[in-house]
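All remarks here apply to the structure that follows.
We name chains A, B, ... by the order of the sequence lines, and we start the count at 1 in each one.
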Amino acid sequence: MYQILKKRILTPQTKLVVVRAPYVAEKAEPGQFVIIRVREEGERIPLTIADYSREEGTITLVFQEVGLTTKLLGLLEEGDAILDLVGPLGIPAQLPEAGVVVAVGGGVGVAPVYPKCKEMTKRGVRVISIIGARSKDLLILEDEMREVSEELHICTDDGSKGFHGFVSEKLKELLTGGLKPDEVIAVGPLPMMRATCEVTKPFGIKTWVSMNPIMVDGTGMCGACRVTVGGETKFCCVDGPMFDGHLVDWAEAIRRANMYRDEERVALERCAGCGGEKHV
Amino acid sequence: MSKRPGRTPMPVADPRERTKNFDQVALGYTEEMALTEASRCLNCKNPQCVTGCPVAVNIPAFISLLKEKKFREAIDKIKETNSLPAVCGRVCPQEHQCEEKCILGRRGEPVAIGRLERFLADWEAENGRSPTKKAPPKGKKVAIVGSGPAGLTCAADLAKLGYDVTIFESLHAPGGVLIYGIPEFRLPKAVVRREVEYVKELGVDIQTNVVVGRSITIDDLFERGFEAVFIGTGAGLPMFMHIPGENLNGVYSANEWLTRINLMKAYKFPEFDTPIKAGKRVAVVGAGNVAMDAVRCALRLGAEKAMILYRRGREEMPARAEEVENAEQEGVEFHFLTNPVRIIGDDKGWVKAVECIRMELGEPDKSGRRRPIPIKGSEFTIDVDTVIMALGTTPNPILSRITPGLKAHDWGGLITDETTGRTTRRAVWAGGDAVTGSATVILAMGAGRTAAQDIHRYLESGSKDW
Ligand SMILES: Cc1cc2nc3c(=O)[nH]c(=O)nc-3n(C[C@H](O)[C@H](O)[C@H](O)COP(=O)(O)OP(=O)(O)OC[C@H]3O[C@@H](n4cnc5c(N)ncnc54)[C@H](O)[C@@H]3O)c2cc1C
Ligand SMILES: Cc1cc2nc3c(=O)[nH]c(=O)nc-3n(C[C@H](O)[C@H](O)[C@H](O)COP(=O)(O)OP(=O)(O)OC[C@H]3O[C@@H](n4cnc5c(N)ncnc54)[C@H](O)[C@@H]3O)c2cc1C
Ligand code: SF4
Ligand code: FES
């Protein structure tokens, strides 16, 4: 069992937990993720390692409550434990040693961007960050991101804080204004990552994205996480999760993410603590 | 001489009823049936059956004890060489092993050795097992990677010898293919859990949720004081055909399909949280045991039409005869000499049909089976809403790639010395599907046992004899 030592509510839908997981903490690198299961009947879901402490043997997870499993996870309090947690999984992000990088994080995607910025800043890379959310109350990790960025741009869809518009639009503004980063890293919802890639493509800037397909085992055993990159099928859990965004088949990725939409609704409706009817 | 009686039939659940649930299909012999069947054995002086058994179970000896109703002695006799009889009695391909060699098979039907083995194992489950003899603790630590039949057997044997054994398993439940692959109706998970419990009772520590190579490396294991490592990581990497449309919604690898169903219990959705998209018209590509399991699961999930698409003919099917028969009785359709060339999707990206080409059989290939050759211009389509690729699996190359000194073949299988299970790296052994590619439970078990004996030899030599 993997005990929750600390819990922070970042926004009404986004929570942060610090979990005791010595094996994972010992080996974790930016860009890697874990798979968790919260109860005996539970599904296995992937979450990015948003931070880790080798000394304390802990890792930090930041999650947005979008469905049954993330809501059940959100119901756990400090002292409670996550039933299963395995990792670190996936290939660590290949981060540059120098130069200028724009890091773009949308919604809960700011969480996975954070450890990469932290590591790059440590290495002396100049990090320019763009983070965004639908509105200012939904913005996460602003202070943390400021600490690990040379420049931080905030965007909200409704204009309640910072730039009024999408993170990709802000990026376009910066690039048009003459900014010439060596590469761009973008993490967030699929449409946001796709839009970001569309912005960078005409500028010919290498753009890394972190794919988030549906997974089961997370160790290369099932192929649920297939993504097409440059015309080839890749298993995101072992070949990724970071890929060259200009090569990703976005239409397929979006289609596959919606494969279980009906079932996800049914599952959520049955859960009382999650706003449904059944008691858990 | 009067004609000998045939085999005692196995009682099975009604084919029309059983496809409505995941309950066990073969119900097992009663005591009376077991005694009747055992009485057919000739107790041969030079028993051929034993030569067909990969772990050389003393078959006539256990059957003789069974005849005398000495059930405890009989099961203990089996367990001298086979540590998983409840599993093997259910899933071993006996028709190609012991039963193929049985002398009675020359003139009529062989003794139903597997069914007798299962009867005894189930008897033991009900009546309790004999206390196990355990050697005094040796104070030496051995690490086992993977908890399939290879790892479990190796762990159990070493624990009995007095070693301090830890199994590291990447999934949240131990058992390997027995827990995530083979369905409940063929191998109840309660049987697997019982075997795992037994291994734990021997003092083996099973740590789930640890991926060796990621959470901890083989080098770390030695640093933490383990003196020998056994790798039994199986062959879990699924193959695809690389044909157009393979990533459409509704296309699964058999591994994903079976893992959702068996490990995650998706057939109980929404009581369990993991969903599965089970179509009404399901095509399974392939004809091995895995394909049979996948297609029979599809029926149980409500498919109206469940089909096997196989590029060769009936005779070439690699699945066990009994499983093919079960599938046929349950209403599975077999399309032989049929090979998919493309999967066709609807405008929302869901599978709607599979385009196939007819095949004919040419000259025998390396495997001795006649090679299928496509017939030009014979393409046709079959309407389906789910496609499951059961083309086989290969060992995951990750561990060998990242572990210094550990060598593998191009196809992923670890290179070992067959008689000892030693890998190319000192103090590291391997066995089971990780070495052979997809094979059988009994071969994996045998490999675990061989390695355990050699690990013992090595550690007794003061880790000198390598
Ligand atoms: C490598 C990786 C890292 C991720 N990191 C984070 C993170 O740090 N924080 C975060 O909030 N989310 C992260 N996600 C997404 C997260 O896994 C899903 O939001 C979660 O699985 C939803 O489960 P649910 O039961 O709450 O919702 P559901 O109702 O099941 O699903 C809601 C949405 O989540 C997606 N989803 C459903 N099941 C899975 C699954 N088994 N695996 C992946 N996606 C699924 C679906 O496409 C759907 O759009 C990550 C995904 C991947 C692949
Ligand atoms: C659907 C299906 C049906 C089958 N039917 C039959 C049958 O009827 N009869 C028969 O004899 N055989 C059958 N087989 C084959 C048989 O199950 C296998 O040959 C046997 O299980 C191999 O045992 P193993 O111990 O080598 O590996 P596995 O059973 O594959 O176990 C390997 C274990 O190692 C774990 N692992 C992998 N990598 C790591 C890592 N890096 N760190 C930690 N753990 C790891 C895996 O999660 C798994 O639990 C079937 C196989 C399948 C898939
Ligand atoms: S070969 Fe057949 S008859 Fe002879 S001992 Fe073996 S099981 Fe009995
Ligand atoms: S999640 Fe199963 S192979 Fe990637």
Side-chain angles (χ1 to χ4, degrees), chain A residues 2 21-24 26-27 32 34-45 67-69 72 83-90 214 216-228 232-233 235 238 249 251-256 258-260 262-264 266-271 278, chain B residues 168-173 177 180-181 207-217 220 233-242 246-260 263-266 268-277 345 348-350 389 393 396-399:
Chain A
Y2 306 80
Y23 279 120
V24 185
E26 166 104 27
K27 285 275 181 315
Q32 290 187 297
V34 294
I35 292 230
I36 65 149
R37 206 170 67 113
V38 289
R39 57 170 176 175
E40 210 35 73
E41 300 82 9
E43 190 173 11
R44 295 169 65 98
I45 65 153
L68 180 62
T69 307
L72 289 171
L83 180 62
D84 292 297
L85 187 154
V86 60
L89 303 171
I214 292 173
V216 183
D217 58 295
T219 63
M221 233 176 67
C222 75
C225 61
R226 311 201 281 294
V227 288
T228 301
E232 264 182 65
T233 295
F235 287 8
V238 287
D249 181 337
E252 178 187 283
I254 291 171
R255 179 160 56 55
R256 289 185 64 83
N258 288 321
M259 189 152 160
Y260 298 100
D262 299 342
E263 288 77 8
E264 286 158 4
V266 171
L268 195 54
E269 278 165 7
R270 281 169 48 92
C271 172
K278 201 188 95 174
Chain B
F168 297 96
E169 166 58 50
S170 57
L171 290 173
H172 59 260
V177 170
Y180 80 73
Q207 299 217 6
T208 50
N209 298 326
V210 182
V211 188
V212 175
R214 288 248 183 263
S215 317
I216 190 168
T217 63
D220 293 337
T233 46
L237 198 70
M239 292 198 259
F240 284 91
M241 294 185 81
H242 304 293
E246 233 172 354
N247 292 346
L248 286 165
N249 288 5
V251 182
Y252 288 94
S253 75
N255 254 16
E256 180 185 354
W257 177 257
L258 291 167
T259 302
R260 283 182 180 271
L263 182 69
M264 307 311 297
K265 302 268 181 290
K268 293 189 183 165
F269 179 86
E271 189 193 326
F272 280 68
D273 303 341
T274 305
I276 191 160
K277 279 287 182 190
K348 298 212 172 62
W350 285 85
M389 294 293 173
T393 52
N396 198 322
I398 291 177
L399 201 52

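Taking 4.5 Å as the limit, some side-chain heavy atom of A:K27 sits within range of a side-chain heavy atom of B:D220. When side chains are defined from C-beta on, A:R255 does not count as touching B:N247, because their heavy atoms never get closer than 4.5 Å. In this structure the side chain of B:E246 never reaches within 4.5 angstrom of the side chain of A:T233, judged on heavy atoms. Between A:V266 and B:F269, some side-chain heavy-atom pair lies under the 4.5 Å cut-off.
For B:Q207, the part sitting under 4.5 Å from any heavy atom of chain A is the side chain, from C-beta outward, and nothing else. With a threshold of 4.5 angstrom between heavy atoms, A:I35 does not approach chain B through any atom at all. Proximity to chain A is absent for every atom of B:K268, based on heavy atoms less than 4.5 angstrom apart. Neither the backbone nor the side chain of A:D249 comes within contact range of chain B, judged by heavy atoms closer than 4.5 Å. Contacts of A:E40 with chain B are made by backbone atoms alone, with heavy-atom separations under 4.5 Å and no side-chain atom involved. Only the backbone of B:I276 comes within contact range of chain A, judged by heavy atoms closer than 4.5 Å.
For the set A:D217, A:N258, A:V216, the count of heavy-atom pairs under 4.5 angstrom toward chain B peaks at A:V216. Among the candidates A:G218, A:A251, A:G42, the residue making the largest number of heavy-atom pairs closer than 4.5 Å to chain B is A:G42. Most heavy-atom pairs under 4.5 Å with chain A: of the set B:G250, B:G236, B:S215, this distinction falls to B:S215. In terms of heavy-atom pairs under 4.5 angstrom with chain A, the leader among B:L263, B:T393, B:N249, B:V211 is B:N249.
With sequence neighbours left out, the side-chain hydrogen bond (donor to acceptor under 3.5 Å, both in side chains) criterion links A:Q32 to no other residue. Under the rule for a side chain to side chain contact (heavy atoms under 4.5 Å, CB included), the partners of A:Y260 that lie at least two apart in sequence or sit in another chain are A:I214, A:E263, A:E264, B:Y252, B:E256, B:R260, B:P275, B:K277.
Rounding to the nearest 0.5 Å gives a distance of 6.0 Å between CG of B:L237 and CZ of A:F235. Here CG of B:N209 is found 11.0 Å from CD1 of A:I36. Values are rounded to the nearest 0.5 Å. Atom CG in B:L258 sits 10.0 Å away from atom CE in A:M221 (nearest 0.5 Å). To the nearest 0.5 Å, atom CD of residue A:E43 and atom NZ of residue B:K265 are 15.0 Å apart.
Between A:R37 and B:D273 there is no salt bridge, since no side-chain N of the basic residue sits under 4.0 Å from a carboxylate O of the acidic one.
Counting all heavy atoms, side chain and backbone alike, A:G220 lies closest to B:P238 at O-CD, 3.6 Å.
Between A:D84 and B:T208, the side chains place no donor N or O within less than 3.5 Å of an acceptor N or O (distance only, hydrogens not considered).
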